[in-house]
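What follows is a single structure, written as C-alpha cells, with notes after it.
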Amino acid sequence: MNERRKPYPFDWIEPKWQTIWDEQRFFHAPNPGEKNFVPAKPKFYVLDMFPYPSGAGLHVGHPEGYTATDIIARYKRLLGFNVLHPMGWDAFGLPAEQYAIKTGQHPAITTRENVAKFKTQLKRIGFSYDWEREVNTTDPAYYKWTQWIFLQIYNSWFNPETKKAEPISTYRGADPDSVRLAYVAEVAVNWCPELGTVLANEEVIDGKSEVGGFPVVRRPMRQWMLHITAFADRLLDGLEALDWADSIKALQRNWIGKSEGAEIDFKIDNRNETIRVFTTRPDTLYGATYMVLAPENSLVDEITTGEHRNSVAGYRTQIAAKSDLERTDLAKEKTGAFTGAFAINPANNEQIPIWVADYVLMGYGTGAIMGVPGHDARDLEFAQKFGLRIIPVVQAPGKTADESIGYVDDGIAINSPLLDGLTTEAAKRKITAWLEERELGRRSINYKLRDWLFSRQRYWGEPFPVVWRDGKHEALPESELPLEPPALEDFKPTGTGEPPLAKAKDWIRYSDSASRETNTMPQWAGSCWYYLRFCDPRNDQRFVGEEPERYWMGGEKPGGVDLYVGGVEHAVLHLLYARFWHKVLFDLGHVSKPEPFQRLVNQGMILGEDGRKMSKRWGNVIDPLDVIEIYGADAFRCYELFMGPLEQMKPWSMKGVEGVSRFLARVWRLIMEENQAGEWILSDEVQDVAADKSQLKVLHTTIKKVTGDIETLSFNTAISQMMILVNALTNAPAKPVSALRTLLLLLNPFAPHLTSELWETLAEKFPGAAGDITEQSWPRHDERFLVEDEIEIVLQVNGKVRDKITIALDATNAELEAAALASEKVQRSVAGQTIRKVVVVAKKLVNVVTR
RNA sequence: GCCGAUGUGGCGAAAUGGCAGACGCAACGGACUUAAAAUCCGUUGGGCUUAAACGGCCCGUGCCGGUUCGAGUCCGGCCAUCGGCACCA
C-alpha cells in the first residue's frame with residue numbers, strides 16, 4: 001500500500017508517540033516513597049499472564065487480552081488511579097532447551113533473542129506497560145527469590161491444628177522431614193523417554209506429553225513433591241470471595257475434587273488384618289457383596305491364596321504392561337481376578353470375596369473399595385461379569401426393590417437392618433456413627449487433588465537450593481542464593497532418568513561430604529509469584545518489599561491483583577499453584593493478602609479466518625505486525641476487541657480490521673483535512689462552538705455507555721457507541737471542539753496514538769486543554785443532556801406493536817392510555833373486540849389487551 | 001457418563017422481561033470521478049398483499065411446552081456444538 005492510500009498517517013504517528021511515551025516515562029508507576037508518587041490516588045493493579053517467549057513471536061491471540069488490560073490501564077489512569085501494569089517473561093521451559101539440544105546454542109541466548117523479539121512486537125502495538133518493571137524468570141536476580149520461596153516452603157509444615165503453614169521449627173514430632181511442605185518421595189511418575197524427563201499429571205494428555213506428544217510411561221522415581229493437598233480446603237473455600245467466572249471456579253473445584261464420605265475397615269477372614277476402603281455411600285454398606293483391591297495394592301500378595309497365585313500374578317503383570325491410555329479406556333470391559341481371600345462385612349458379618357481389578361485406582365482413596373453392585377454402575381458391571389451377588393439396599397422413589405438395582409441416587413434404605421426406612425442422608429449419618437462407636441470406620445474426606453510433583457530432569461530451570469549429605473537433604477543457606485546452573489556443553493538428557501545437571505561433576509560436588517540436588521524446578525515455579533515481584537522488581541534484599549507489596553496488593557477484597565487476564569488453559573494449574581504458594585507466603589507473614597488475584601477474566605481464543613484454530617498446519621496464522629503494517633496499531637487494537645465479547649471464541653477477519661480502520665480514519669477526518677499539497681491540516685470545520693442539543697445527547701450517551709462498558713469489559717459495544725457518535729458528528733457543518741475532545745478522551749484507551757496526535761493538533765489552535773491527552777481526566781456524563789421533553793411511546797395491542805406516538809415526557813399514565821386508545825391504528829386493531837385491560841409502562845409503552 | 005459454556009440475518013455480533021437484529025462486514029443502488037480506488041448518501045431477516053409506490057398483514061432468536069398483558073431474555077423438558085474432567089468409589 002503506498003503513502004497516498006493510507007487512510008490516515010498512522011505510519012508516522014504511531015512511532016512518534018511510542019518514542020514520546022518511552023522517553024518521557026509516561027507509564028512508569030512509582031512506588032510509595034519514590035519520586036512523583038502521589039499517595040492520594042487509589043491504586044489499580046491490572047495484570048496479564050506473562051508469555052513464554054517462543055521463537056515464533058506473537059500471534060494475534062496474545063494481544064487480545066493484552067489490549068483489554070491496556071485499555072483498562074489507560075482508562076484507570078485517566079480516572080486518577082495509580083496503575084500498575086507490568087509485563088515480563090516466563091522464560092524457563094522446554095522449547096529453548098530442545099533447541100539447545102539440537103543446535104548447541106545455550107538456552108540463555110535463545111531466550112534473550114526471543115525476548116527481544118517479543119518486546120519489539122509488544123511495543124509496536126503501543127501497550128502502556130511500565131517497562132522499568134520488566135522481569136524475566138531466568139534472570140538470576142529473579143530466580144534467586146524463586147529459590148528463596150522454595151526454601152520457605154521447604155522450611156514449613158502444615159499444622160493441622162491451625163490449618164496453616166508454619167515454620168518447621170514449630171513441629172514437635174520426631175521426623176520433621178516427613179511433614180515438610182516440600183518433601184522427597186519415591187513416586188510413580190510420568191516418565192517421558194523422548195523428553196528424558198518426568199511430567200506432572202497435568203502435563204500428560206491421553207498418555208502423551210503435552211509438549212511434543214511423546215509417549216509417557218509409569219515409573220517409580222525419587223522426586224520432590226509439594227504438599228498442596230494440605231491446602232485443598234482453603235483453596236476450595238478461598239474461591240468464594242473471588243470475582244472469577246463461575247465456570248473457572250467450577251474447573252478448580254472439580255480439579256480439587258472434594259468428596260465426603262467414610263472410611264470403613266473390613267476384617268480379612270482368618271487373618272489379623274483389615275482392609276480400609278473409602279466410600280461416599282456408607283449407607284449402602286449392607287449391599288457390599290465383595291471387595292476390590294487395586295492391582296498395585298501391596299496387600300494383594302499377602303492375601304492371595306495358593307491356587308489363585310498364578311492367575312492373580314498373571315493379571316497384575318498384564319495390567320502393569322498396559323499404558324495409562326489403555327487403562328483408562330472406558331469402552332473396555334471390566335477385568336479382574338479373585339484372590340481366594342475373603343473379608344467380613346462389618347455390618348452383617350457376612351463373608352465376601354476379595355478381588356483384584358484395575359478399575360480400582362491405587363492413587364485415589366485407599367486403593368481398595370467395597371463393591372456395592374446394587375447402587376454403583378461400575379460395581380454392577382463388574383458383578384454381572386463375574387457373577388457376584390447383587391443386593392438392592394436403596395429403594396428408588398416409585399420403584400420396587402428389584403427395580404432399584406442400578407439406582408445410584410438418594411432413596412430409602414432397605415435390606416439394611418440398622419438403616420431400613422431411613423433416607424440416604426440419615427442412613428449415612430447413622431451408619432457412620434455406628435461404625436465410629438465400634439471403631440470400624442470414621443467420617444472421611446477425599447480429594448482428587450494430588451500433591452504437586454515439583455522436580456524435573458531438565459537443564460533450563462531453577463536448580464533446587466538443596467544439597468544431599470549421607471542420604472539426607474538439607475537446605476542451602478540463603479546467602480548462597482541465587483544458585484545458578486552449571487555451564488554445560490551438552491544439554492541432552494542422560495537417558496537414565498538422571499537430569500542433565502548430573503553431567504556437571506564439579507558443580508555437583510558441594511563439599512567432601514555433600515552434593516547438590518540435580519533436579520530443576522518446573523516451569524510453573526517462576527510464574528507462581530511473578531505478580532508479587534512486579535510490585536518491587538529491583539529489590540535485592542527481599543523477594544518484594546513490604547511497603548510496595550502492601551500498597552499494590554492492597555484493597556478491601558481478599559485478592560491483591562485487581563484484574564488478571566489470560567487464557568483459559570491456565571484456569572486450573574497455574575492459578576491453583578500460584579494460589580497455593582501465595583497462601584504459604586501469607587501464612588508465614590511474607591505477604592498481606594490471602595489470595596493473589598481478585599478478578600480473573602479469560603479471553604476467548606481467536607480462530608483463523610477459516611474458523612479453525614490458528615496453526616502452521618492450516619496456514620491461517622495471522623501475525624500482528626503484518627496487520628499493523630497495513631492498518632496501524634490503533635486499528636489492530638480496536639479490532640481485537642470489536643470482534644466480539646472478550647471471553648468468547650471468535651474468528652479473525654481482515655475485512656473486519658478494515659472496517660475498524662475506516663472508523664478511525666473517519667475520526668481523523670473529523671478533525672483533519674488534506675490541503676492542495678496533499679498535507680493533512682486541521683479542518684476548518686473544527687470550531688470553538690457549543691454543541692447543539694442533539695449532539696450533546698449523543699455525546700453524553702456515549703460517555704455513559706463507554707464508561708459502563710469499559711468497567712464490564714464490553715469493549716465491542718463501547719466501540720460501537722463511539723462509531724455512532726462519530727457518524728453523528730460527521731455531517732455536522734461545524735464540529736464543536738469540546739465534543740471532539742471528549743470523543744478523543746473516550747477513544748484514547750482504545751486508539752492511543754491517533755487520539756494523542758489529534759489532541760496535540762487541536763491544542764495548537766484551541767487553547768484550554770493543557771498537557772498531553774494521557775494527563776487529562778476521564779469525562780463524566782450529565783444526565784440532564786440525556787433526557788428529552790418528548791419521548792416515543794410504543795403502542796401495542798395484545799403485545800404486538802401497532803403504532804408509535806411521541807408524547808410529553810411527563811405524560812401521566814391516564815394520558816398515555818387515552819393517547820393509545822385514540823390511535824387510529826390501535827382502534828383498527830381492536831375493532832369489534834372488548835378491551836379487557838390496558839397496561840401502561842411509563843416512558844416505554846402502552847399495551848391494549850382484548851383477550 | 002459428570003460439570004460448564006454456547007446456539008439470533010449471508011458473516012462478526014447488539015438487545016435492565018417491553019419496537020429483535022444496534023454497530024461493523026459483505027451485497028446492492030446512488031453521488032463524486034474521463035475511469036477506478038478512496039470518500040459520502042441510501043437499501044438490505046423471510047414471506048404475503050399491491051400494477052408500482054405508500055400502506056397493511058403474517059412468520060422469525062436451536063426444538064417442544066409453561067409463566068406473563070408482553071419472552072431472545074424467566075421456568076421445565078429435549079437437541080446440537082464447543083470446552084473441562086473422566087472406572088475418583
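Atoms considered below: every heavy atom in the structure, side chains included; atoms not considered: hydrogens, waters and symmetry mates. Chain naming here is simple, since letters A, B, ... match the order of the sequence lines and numbering starts at 1 in each.
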Kindly point out which of B:G56, B:C82, B:A14 is positioned nearest to the side chain of A:P645? B:A14
Rounded to whole Å, please give me the gap between CZ in A:F642 and C1' in B:G12. 8 Å
Side chain of A:V801, heavy atoms from C-beta onward: which of B:G12, B:C19, B:C69 has the nearest atom to it? B:C19
For residues A:I264 and A:P282, determine if any side-chain heavy atom of one lies less than 4.5 Å from a side-chain heavy atom of the other. yes
Using heavy atoms to find the nearest nucleotide of RNA chain B for A:E792 and A:S829 separately, return the residue whose nucleotide is more 5′. A:E792
Return no unless some side-chain N or O of A:K800 is found under 4.0 Å from OP1 or OP2 of B:C59. yes
For A:L251, which contact category applies under a 4.0 Å heavy-atom criterion: base, sugar-phosphate, or nothing? sugar-phosphate
Please report the distance separating the C1' of B:G42 from the corresponding atom of B:U49, rounded so that it comes out in whole Å. 26 Å
For B:C40, does OP1 or OP2 lie under 4.0 Å from any side-chain N or O of A:N731? no
On the six-membered ring of A:W255, is A:R579 placed so that its NZ or CZ lies under 6.0 angstrom from the centre and within 45° of the ring axis? no
Test: A:K334 cationic atom under 6.0 Å from A:F382 six-membered ring centre, within 45° of axis: no
A:N727 side-chain N/O to B:G24 phosphate OP1/OP2 under 4.0 Å: yes
Report which part of the nucleic acid A:G659 touches: base, sugar-phosphate, or nothing (heavy-atom distance under 4.0 Å, all strands). sugar-phosphate
Respond yes when some side-chain nitrogen or oxygen of A:R253 is under 4.0 Å from OP1 or OP2 of B:C85, and no when none is. no
For B:G7, give the paired nucleotide (Watson-Crick: N1-N3 plus N6-O4 or O6-N4; G-U: N1-O2 and O6-N3; both under 3.5 Å), or none. B:C79
Looking only at side-chain atoms of A:M723, point me to the closest of B:G24, B:A89, B:A13. B:G24
Is there, by distance only and without an angle test, a donor paired with an acceptor across the side chain of A:S720 and the base of B:A22 below 3.5 Å? yes
According to the Watson-Crick and G-U wobble definitions, with both distances under 3.5 Å, which nucleotide is paired to B:U50? none
Please state the P separation for the pair B:A14 and B:C23 - nearest whole angstrom. 14 Å
Side-chain N or O of A:R662 less than 4.0 angstrom from OP1 or OP2 on B:C25? yes
Is A:K650 close enough to B:G12 that one of its side-chain N or O atoms is under 4.0 Å from OP1 or OP2 there? no
Would A:R662 and A:E658 pass as an ion pair if we require N to O under 4.0 Å? yes
Classify the side-chain pair A:D451/A:T229 by whether it contains a donor and acceptor separated by less than 3.5 Å. yes
Got a salt bridge between A:E260 and A:R443, using NZ or NE/NH1/NH2 to carboxylate O under 4.0 Å? yes
A:E647 CD to B:U6 C1': how many Å, rounded? 13 Å
Value in whole Å for how far the P atom of B:U39 lies from NZ of A:K6: 15 Å
Please state how far atom CZ in A:R836 lies from atom C1' in B:G70, giving the value in whole angstrom units. 17 Å
What distance, rounded to whole Å, do you find between the two P atoms, one in B:A20 and one in B:A31? 35 Å
When the distance from CG of A:D709 to P of B:A13 is rounded to whole Å, what number comes out? 17 Å
If we take the C1' atom in both B:C57 and B:U50, what is their distance in whole Å? 12 Å
So, is A:Q648 near the phosphate of B:A13, with a side-chain N or O under 4.0 Å from OP1 or OP2? yes
Determine: side-chain N/O of A:N254 to OP1/OP2 of B:C2, distance under 4.0 Å, yes or no. no
Roughly how many Å is it from CD in A:E685 to C1' in B:C40, rounded to a whole number? 12 Å
Name the nucleic acid region contacted by A:V849, choosing base, sugar-phosphate or nothing; use a 4.0 angstrom heavy-atom cut-off, strictly under. sugar-phosphate
What contact category does A:S653 fall into here, base, sugar-phosphate, or nothing, at under 4.0 angstrom with non-hydrogen atoms? nothing
For B:G9, does the O4'-C1'-N9-C4 (purine) or O4'-C1'-N1-C2 (pyrimidine) torsion place it in syn, i.e. within 90° of 0, or in anti? syn
Strand partner of B:C85, provided both Watson-Crick or wobble distances fall under 3.5 Å: B:G1
Contact class for A:V794 (heavy atom, under 4.0 Å): base, sugar-phosphate, or nothing? base
Return the orientation label for the A:F338 and A:W355 ring planes: parallel under 30°, perpendicular over 60°, tilted otherwise. tilted
Does B:A31 have a Watson-Crick or wobble mate here (both distances under 3.5 Å), and if so which one? B:U39
By nearest atom, which of the nucleotides B:C85, B:G18, B:G12 is closest to the A:K448 side chain? B:C85
When you compare B:G55 with B:U61, how far apart are their P atoms, in angstrom units rounded to a whole number? 25 Å
Can you check the distance between B:A37 and B:C48, where both ends of the measurement are the P atom (answer in whole Å)? 34 Å
Quick note, A:I724 side chain, CB onward, closest among B:A22, B:C85, B:A89 is B:A22
Run the numbers on A:F386 and A:Y290 for ring pair (Phe, Tyr, Trp, His ring centres under 6.0 Å), then give the verdict. CA-CA 11 Å; A:F386 293 104; A:Y290 66 98; 9.1 Å; no
Assert: residue with more 5' nearest nucleotide on RNA chain B, out of A:V660 and A:R666, is A:V660
Is the phosphate of B:C57, meaning OP1 or OP2, less than 4.0 Å from a side-chain N or O of A:R802? yes
Classify the ring geometry between A:F636 and A:W652 as parallel (under 30°), tilted (30 to 60°) or perpendicular (over 60°). tilted
Base, sugar-phosphate or nothing for A:Q721? Non-hydrogen atoms, less than 4.0 Å. nothing
Can you check whether A:K825 has a side-chain N or O nearer than 4.0 Å to OP1 or OP2 of B:G56? yes
Side-chain contact test, heavy atoms from C-beta onward, threshold under 4.5 Å: evaluate it for A:N297 versus A:M362 and give yes or no. yes
A:K844 NZ - B:G18 P separation (whole Å): 7 Å
For atom C1', what is the distance between B:G62 and B:G9, given to the nearest Å? 15 Å
Respond yes when some side-chain nitrogen or oxygen of A:K804 is under 4.0 Å from OP1 or OP2 of B:C19, and no when none is. no
Nearest-Å distance, CG (A:L361) to P (B:C85)? 16 Å
Measure from the side-chain heavy atoms of A:K837 and tell me the nearest of B:A89, B:C69, B:G18. B:C69
Using a cut-off of strictly less than 4.0 Å, decide whether A:S259 has a side-chain nitrogen or oxygen near OP1 or OP2 of B:A89. yes
Of the listed nucleotides B:A14, B:A89, B:G12, the one nearest the side chain of A:N716: B:A14
Mind checking the P distance from B:A15 to B:C69? Whole angstroms is fine. 27 Å
